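It should be emphasised that the depicted structure is a prediction, and the values quoted were computed from it without experimental measurement. Chain letters run A, B, ... following the sequence lines, proteins first and then strands; every chain starts at 1. Just the heavy atoms: all of them, side chains too, but no hydrogens, waters or symmetry mates, feed the values below.
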Amino acid sequence: MEAVTAHALRRRFGSVEALAGVDLAIPAGSVHGLLGPNGAGKTTLVRILTTLLRATDGTATVAGFDVRREPDRVRAHIGLVGQHAAVDEILSGRQNLEMFGRLYHLGRVAARARADALLAEFGLADTGTRAVSTYSGGMRRRLDLAASLITAPPVLFLDEPTTGLDPRSRGEVWDAVRALVAGGTTVLLTTQYLEEVDRLADQVTVIDHGRVIATGTPSALKGQLGGDRIDVVVADLVDLPATAALLARITGDTPDTDEDHRRVGVAVTDRMAALTATVRALADSGIAVDDVTLRRPTLDEVFLHLTATDSNSDAEKVTA
Amino acid sequence: MNRLRWAFADGATLTRRDLDHWARQPAQVVIGLLFPVMIVLMFGYLLGGGMTVPGGSGAAGYREFLIPGTLALTMVFGLEGTFQAIKTDVSRGVTDRFRSMPMASSAVVVGRSVADLLNAVVSLSVLALSGLAIGWRWHSGLAAALAAFGLLLLLRFAMLWIGIYLGLVVRGEGALVAVQILVWPLGFLSNTFAAPSTMPGWLGTIAEWNPLSSTVGAARELFGNPGWGGDSWVAQHAILMAVVWPVLLIAVFFPLSVARYRNLDR
């Protein structure tokens, strides 16, 4: 069953089209990454799916309910973690969770018990009585996440949950998300960090300018960039053009050069043969090399590749 | 029926939230309550010596005159607290969390209203007690005095809806300062501290038609405290206008706020 669907979803703000017809299908129990730069339309999509905003056109369902016609049913089945830690700063962590529990219509006793359980689960038990304003960024995020999970909703929306967090806090949030998914929750995660979808998501949808420009598993998206890559770091910058020419001869492709890091990189199809040929050619030419690596492309490279293609095709449309 | 029950329960939960805020920040509450008392002492003892009020005798007369005005002014300044609370929730994403939850959408404003009105009752009590301590009295019986307090709370209720609307609409840091700067002239361009008849003609007319002036005039009349009088229609019908103005403001800002809350995205 699909936990989240969107069909030809559009949203217009004045003359700006934030969503220009988005289709989405997220199977229940999976983690779906929504990747895109600032202003791509990620948050607009999340706001429509969480009933905070109406679509200009198109339809969407969450947990089987239509977001426009049955917003109350949708709200009873979702948790939302927005870009800010949406908790009361003056109250303590426990008071926050009890308040939200009461608003989810748990009884007084049940709300208190649930608050205690969540505080313990998210490692906040000993700070539960302190005002949230004294919490670290990571603690606030975890409290925010806990507040979204009071009723153990089947669908959870995470809108850039780790933006502005230090690496350690980011790791804590990731662990929390993994634990949820193990429990069967469907997660829609928006992010600007490719590493995040790489680590967490089963499927990725890349959007830019309100349009889906690619969709697939993280590894399939990486495959779109032409498989593995060889990077060569030369000892002396003057050898960079010669090394690039050498790699071009071996692979038949134009390498990318990075003068700041004295690095030349290129995509390869037959990985081991290309690596052997490169090492041999470098040894024959007498170029001093600091490093030769064979690696999978990062999602950053995939993303830059995809968005560059997208803006090129836009430009072509305009000039045509 | 069930829906109505949850609307009450959710409103009570959010009222409780504000009471918890007071319990966690007692110093701020005390400062908030003492601010109007300070205004009374400042105007009553620093400036009051030079003021004479028709129907009042000297500085003591000015202080009697001052209390109803400060009570009403406190109700208007309450707008800042409402505005700040609503705006903080919007900018922190707490409002979005509420809107994405299966709770009664009226709860946010019900909770806000009840908490702010409770705060207003406490403010009025503290200020009235301070007034009694420096010689202010009501002279027309308890029923009239209670009616005056009722009109003061009605004004606070109208300010509440303006505060909610501004809190939902205004964005950016420094917004509180902007609201404070707007509230002060609204408070002083009135009959609270000086007679509109002593102001330049057109300015005096605005001051007389200021909703605050109607409540102040009505409270002075009902308490039996000295006032400026005034021949204009609006000054002659202060009690009527102390009802009409707030009702009018609520009729404008209540639907505006509801529409804004339902669709917060610009």
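Side-chain atoms of A:K42 come within 3.5 Å of backbone atoms of A:G36 as a donor-acceptor pair (strictly under, hydrogens ignored). At least one donor-acceptor pair closer than 3.5 Å links the side chain of A:R68 to the backbone N or O of A:A55.
Comparing A:P153, A:G82, A:A76 by heavy-atom pairs within less than 4.5 Å of chain B, the highest count is held by A:A76. Per-residue counts of heavy-atom pairs under 4.5 Å with chain A were compared for B:Q25, B:H21, B:M103; the largest is that of B:H21. Comparing A:Q83, A:E89, A:R54, A:R73 by how many heavy-atom pairs each has under 4.5 Å with chain B, the most go to A:E89. For chain B, the option among A:V81, A:D144, A:T50 with the highest count of heavy-atom pairs below 4.5 Å is A:D144. Between chain B and the residues A:A131, A:S92, A:A85, the largest count of heavy-atom pairs under 4.5 Å involves A:S92. Among A:H77, A:Q95, A:E98, the residue making the largest number of heavy-atom pairs under 4.5 Å with chain B is A:Q95. No other option in B:P102, B:A9, B:A12 has as many heavy-atom pairs under 4.5 Å with chain A as B:P102. Counting heavy-atom pairs closer than 4.5 Å to chain B, the top residue among A:L91, A:L80, A:T51 is A:L91.
For B:R97, the part sitting under 4.5 Å from any heavy atom of chain A is the side chain, from C-beta outward, and nothing else. The part of B:R24 that comes within reach of chain A is its side chain, from C-beta onward, which places non-hydrogen atoms under 4.5 angstrom from that chain. Contacts between A:F100 and chain B at a heavy-atom distance below 4.5 Å involve backbone atoms as well as side-chain atoms. Proximity to chain B (any heavy atom under 4.5 Å) is shown, for A:S148, by both the backbone and the side chain. Interface residue B:S91: only backbone heavy atoms are found under 4.5 Å from chain A.
Between B:D18 and B:R112, at least one side-chain nitrogen of the basic residue sits less than 4.0 Å from a carboxylate oxygen of the acidic one, meeting the salt-bridge criterion. Contact check on A:D72 versus A:R75 returns a salt bridge, with a Lys/Arg side-chain nitrogen under 4.0 Å from an Asp/Glu carboxylate oxygen.
Note that A:R170 lies in the cation-pi zone of A:Y193, set by a 6.0 Å cut-off to the ring centre and a 45° limit from the axis. Judged by a 6.0 Å distance limit and a 45° cone about the ring axis, A:R11 is positioned over the six-membered ring of A:F13.
B:D10 and B:T13 share no donor-acceptor pair across their side chains, judged by distance under 3.5 Å alone.
Here the CG atom belonging to B:L166 is positioned 10.0 Å from the CG atom belonging to B:L256, to the nearest 0.5 angstrom.
Looking at heavy atoms from C-beta onward, A:E172 lies out of side-chain contact with A:M139 at the 4.5 angstrom threshold. The shortest distance between side-chain heavy atoms of A:L188 and A:L49 falls below 4.5 Å.
Between B:W184 and B:F77, the ring planes are tilted. Angles from 30° to 60° get that label. Ring planes of B:F43 and B:F188: tilted class, angle from 30 to 60°.
The interface of residues 107-124 of chain A with chain B, defined by heavy-atom distances below 4.5 Å, comprises A:R108.
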